[in-house]
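For reference, the structure discussed in these notes is given below.
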Amino acid sequence: MRPFGAAARAIPVLCAPMTTVREATYDFLREQGMTAVFGNPGSTELPFLESFPDDFRYVLGLHEGVAVGVADGYAQASGRPALVNLHTAPGVGNGMGAIFNAQSNKSPLVITAGQQARSLMTLQALLTNRDAARMPHPLVKWSYEPPRAEDVPHAIARATHLAALPPRGPVFVSIPMDDWRAEVDADAVAHQTSRRVDGRAGADAELVAGLARRLAAAVNPVLVCGPDVDASGAWDAAVELAERARLPVWAAPATGGGRIGFPEAHAHFQGVLPPAVGPVSEALAGHDLIVVAGSSVFAYYPNLPGPLLPEGAALVAITSDPDEAARAPMGDAIVADVKLTLEALLAVLEPTDREPPAPRAAVQPPEESDPMSPSAAIAALADVFPDDGVMVPESPATTFAVRDRLRLSRPGSYYFTAGGGLGFALPASIGVQMAQPDRPVVCVLGEGSAQYAIQGFWTAAAYDVPVTFLILRNEEYAILKWFGQIEQVTGAPGLDLPALEVAAVAEGYGVPSVQVGDPDALREALRDGIAADGPRLVEARVAPGMAF
Ligand SMILES: Cc1ncc(C[n+]2csc(CCOP(=O)(O)OP(=O)(O)O)c2C)c(N)n1
């Protein structure tokens, strides 16, 4: 009796075709289209980078926050996982703020880091990451150090599939430096690395029919669109739903998602929901059914209490993220792909005789002042912003004004840090531009925010990535002064930024820069910057305070 059948007789396998861990990994990455590597190398990563293949591209960030941030923008704007390569424990440590943002952005990053050679890890030789798999928790979906060198390609494949499955997010693999030259069975590794894993799941038809019935019965329903409408490709379905069911549409609070899920110049669009409990209820007052597509419910901040829902309102959220669905404090949730669910809903939705919503008020022109107000600066930007432009903002005092004055109306036009960590926009704008070379990318930065990933200017210059950076120089942390009023805090130190010369620093990194002081000069400089072949920086002097 042979319990394992004929296969048992084949052991040991003689003359199996062999390849190296390094070769197998590059084969896998090639097959996945992951031919860009974003990183900052050290000695422990060199065996991976050895004889770097011609069909791959290495994008160097001079700080790990930059490498992760560029990869985040690239992954989101390309819709595919992106590979990051960091230097053992200190490299991962430097990247943690950006990994936090990538997790909030649901950005599928496969983050790898080198590790000391296996034979030197137990005695803890220099650079040993003593608990590599634990280090990036809780910011990653999965974290792993393979038990054997031969398992590295399989682990990277597993990490990539996990990163790309909903909810998307960063994963981490630690790789001892002597693993790359180890030999592996080419046939076995090909099985592990050539698989397709697809994860788009539609909703239960009964749940969709139930939602259609609730929508038909509602007197005054409303739609709230969040970042996963854009990320899942549900943009057109959301527009059709709003038009067919005559729904007014709000954007989910800016704190809750880094992407825009509905055209903001559309006649049904009402604005961006405020990010606090009481004000959300006030904004949605009078609606009896609130349908939330592709957003958490809701990423509140600051803490302004009130009822979770307006009087008489019910809420149904559609999200592909089980955790988002489970943690919502009110309403029902359907856990499924947002695009597939909205399309299924459209297929069964009854026509309505509701009146279409009234359009929201036009935005007021800003008042003239010297120095120009931050609102005037954003209005000037709106005047010259191209129809196909992509906005990557991190100028906290002007976030509301950017949304209100630009009225972005195409998919994939807005990337913002959902996590709230500064240091996202500067590098992410570079990654977005690399993934979308045919669209002009504009990155608006407060001079304070620019500091958190300032080395990104070098990456923009070195790879000639034609992002236009607009620095709003107000010489303060304006948003924190505003928060001080909300929190009734007085006398806090460290909120002023005198004499911070961002244009000069950017020049030092190789980005040509100009300084402007009035809206006409700003419009002209922005036009020139957007038309240029390489990166350009415009620093605009603006008055302190918030812009609306
Ligand atoms: C990594 C990180 N550190 C600190 C903060 C806190 N923070 C939020 S906004 C802000 C000030 C930003 O200043 P600036 O870019 O000049 O913008 P302004 O408020 O003047 O528009 C700070 C320090 C943060 N969000 N993230």
Side-chain angles (χ1 to χ4, degrees), residues 63-69 72 93-105 139 253-258 275 299-303 366 371-381 391-406 416-429 442-457 469-487 489 492-503 505-506 515 522 537-548:
H63 182 277
E64 289 77 0
V66 173
V68 175
D72 187 343
N94 281 351
M96 290 284 262
I99 299 172
F100 170 84
N101 283 334
Q103 183 189 49
S104 309
N105 295 333
L139 305 181
T255 42
Y300 301 115
Y301 191 73
N303 181 15
M372 74 181 134
S373 67
S375 305
I378 299 303
L381 169 66
M391 167 55 51
V392 189
E394 196 169 289
S395 154
T398 68
T399 307
F400 301 118
V402 165
R403 290 292 282 276
D404 211 19
R405 292 187 184 275
L406 263 62
F416 178 72
T417 168
L422 299 178
F424 166 77
L426 198 169
S429 66
V442 179
C443 174
V444 182
L445 297 164
E447 88 258 66
S449 299
Q451 307 309 317
Y452 295 79
I454 192 91
Q455 309 88 338
F457 285 135
F469 298 100
L470 168 59
I471 303 291
L472 297 178
R473 177 173 180 169
N474 60 5
E475 310 227 325
E476 64 173 3
Y477 283 160
I479 189 89
L480 298 188
K481 292 185 179 178
W482 186 66
F483 263 99
Q485 289 166 17
I486 295 172
E487 295 172 18
V489 169
L495 303 183
D496 290 302
L497 300 178
L500 191 46
E501 301 292 341
V502 181
V505 174
Q515 292 174 301
L522 176 55
L537 183 139
V538 181
E539 183 187 295
R541 187 66 196 255
V542 297
M546 297 288 288
F548 295 99

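Start at 1 and go down the list; that is how both ligands and their atoms are numbered. Numbers here are sequence positions counted from 1. Small disclaimer: the values here were computed from a predicted structure and weren't measured.
In plain terms, the two heavy atoms of P374 and A543 that are nearest each other are CD-O, 3.5 Å. Taking both residues in full, the closest heavy atoms of E501 and E539 are given as C-OE1, 4.3 Å, listed atom of the first, atom of the second, then distance. Residues Y452 and G448 come closest through the heavy atom pair CE1-O, 3.3 Å. Of all heavy-atom pairs between A540 and L522, the closest is CB-CD1, 4.2 Å.
Between the side chain of E475 and the main chain of P544, no donor-acceptor pair closer than 3.5 Å is present.
Ring centers of Y301 and F483: under 6.0 Å apart, within the cut-off.
For ligand 1, the 4.0 Å heavy-atom shell contains residues S395, P396, A397, G420, G421, L422, G446, E447, G448, S449, Y452, N474, E476, Y477, A478, I479, L480.
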